[in-house]
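Atoms within a ligand are numbered from 1 in the order they appear, just like the ligands themselves. Predicted model, so just to flag it, every value in this text is computed and none were measured. Quick note: numbers below take in every heavy atom, side chains included, and nothing from hydrogens, waters or symmetry partners.
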Amino acid sequence: MRTICVLLLLLLSLPVYSLEYVPGEVIVKMKPSSGQQNSIQNFISKVSTDRKMELKQAFKDMNMYHYKIDDQDSVHNAISDLEMDPDVEFVEPNYIVRKATVFDNQLQSMTPEEVALMKATALSTQTSDIGLPITPSGRQNLGEQGENSVSSKVTALSFVPVVAVVDTGLDINHDVFVDSGAIWTNSAEIPSNGIDDDGNGYIDDVNGWNFVSKNGNMLDDEGHGTHVSGTVLSAGMDIFTTPYEASPMKIMPLKFLDHTGSGKTSDAISAIYYAVNNGAHIINNSWGGAGYSASLHEAIAYSYFNEVSFTAAAGNSGSNNDSSPMYPASYDVPHLMAVAATTSLDDLASFSNYGYASVDLGSPGVFILSTIPCSGGTCGHGTSSGTSMATPFVSGIAAMMLIEAPTMLPYQIKEIIFGESDYIADLDNLINTESRINGTASVTNASTASIDATQPDYTFTPLRTLASSSSGGGCGLVKNMYQQQQPKAGGGNGGAKSTKIPWSVFMILGLFGLPFAIAQFMKKKSVSTQVNRRKHERFKMESTVSMEIGGKKVNGHVNCISQGGVRMNTQELLEKGGVIKMVISSPDGSEQIEVSGQIVWESDKQSYGVQFKNVADEVSDQIENWTKDLSPEPYK
Ligand code: CA
């Protein structure tokens, strides 16, 4: 008996797509079994000798390592080779990511009069629709006591949450932050003594860290981070009226985006790692990129395991994140809140990304008034727009919830924020909750909610997994298949019957990423006398297939079916790393099945593939129907 498998050969070509990454650097995650210090040391010395790789940074708790590769080596080669190393779970480029505002340098400075006017007319939706600022219970009592000292006000609060703003930095000399005492202080670090007093790996990190210039000066040379930080703060205090109140929360500025607003994934991971390990309760992420990074995914999972909330901007391309993911917003970690931007009229902002499956809730993000870096001795306010501006409201509200419920876990915080958000018709079918955040309702709920003791389990599974780490030896679309036995010559069709045969692997779509594969196939096809040396037999089948990749719909033609996979130019697929949706037509064109899956790396085949998840029995049955009458003659 012969086992039939299916290969769809697509005659289509996609444009080469390339994401930006840092030249000469890779991030390596070691397998759990390699967690012992010995094997790590062996690996480090091995790649140092063999490949002249230099360890730049170690994230030991995540078993991840950031390397500089040899000047003569290419990132592509280094990744191809390291992927073969049995100790390596994954290796990837160090991708570039960007702030998530709508335009570059778009901070609009405003005079105090304009600020007052804007505040009075509530053009800035932060003060009206979403019920901010929220007064923490501790501060009201202080007001009655007539206390004016910032320090006494702050210490009177039972709990002071720390919000890490992973961004372009923060002007810590801005009046709002100075007067309100909003800047986080690392009490274990003695300022300016040139010593890493607390042994956390950073010298003089008194108020945070600058991962770009590698020092304790988080000077905001772009403006984005100062604006975002002010908005976080605005959830719990009036940031527009002097004298400023005491801040009910602390901002931990972690600068990883440079003066152009772009940064390295390795630095983002460092910042997240720092935030988690140095006491942050919430991490605000108003930045992103289109490239899936397993190491960044791992860092976010690390924040979940350590019970630190994580907010992320959905992005400003006006596109659908379900088909064209934006990271970190699109990672599936359970506590992550992916935030879209809404207007003062409660519409989805025209620039805002959306996604019913992958974007969670709306928050004001158009002409948001907040703090901008001091200039010429003036520390003022200005407006900016973007999902970058929407996200920090959610972070700030999460902080205010923690004041009411200090032990509340990030997952419950997220559940309450989602549950208490206000339904907005314009978000129908566009984002998950179809709602815009409601700060007052969320904090009120948190103050009375019973606290969940645990969070849902989560297993970090990188999108590009090595086949050896995935179960079942492949990406099974169909577990069982029936093959029709061929009738004997002259016997007609009446004698045909179906016999069940196991299909452990049905559709590993080997996306070899090389356009020449198609060319080679076409060449063979045209030379009818050529011996078919393919490993798997092919069966002729005329069909069409359409796929959704990165927001684009591509149509292809399938003209054979066999074991193996789909071949095409998949550079875009690989680097987008997202969900791929395929519609495959039956041979007679009368039926279609739609399947979706995620791009994975198959080490044994040295190719990328699409791993299908939750494929329904109906799909299995349909394919069985399609193939049962196909001629088993090898396609030539
Ligand atoms: Ca230190």
Next on the checklist: Tell me whether the rings of His335 and Phe310 are parallel (<30°), tilted (30 to 60°) or perpendicular (>60°).
Outcome noted: tilted

Item to check | Pairing residues for Ala341 by the side-chain contact (heavy atoms from CB on, under 4.5 Å) criterion, not counting sequence neighbours | outcome: Ala349, Phe351, Ser352, Thr387, Ala390

Item to check | Value rounded to 0.5 Å, distance of CZ in Phe90 from CE in Met30 | outcome: 11.5 Å

Checklist entry - How long is the gap from CD1 on Ile451 to OG1 on Thr407, to the nearest 0.5 Å? => result 4.5 Å

Item to check | Metal environment of the Ca ion (ligand 1), protein N/O/S under 3.0 Å | outcome: Glu189 OE1, Asp196 OD1, Asp198 OD1, Asn200 OD1, Tyr202 O, Asp205 OD1

Item to check | Distance-only polar pair, side chains of His66 and Ser270, donor-acceptor under 3.5 Å | outcome: no

Checklist entry - Step by step, would you call Asp85 with Lys46 a salt bridge (Lys or Arg N to Asp or Glu O under 4.0 Å)? => result CA-CA 11 Å; Asp85 191 298; Lys46 181 175 64 182; 2.8 Å; yes

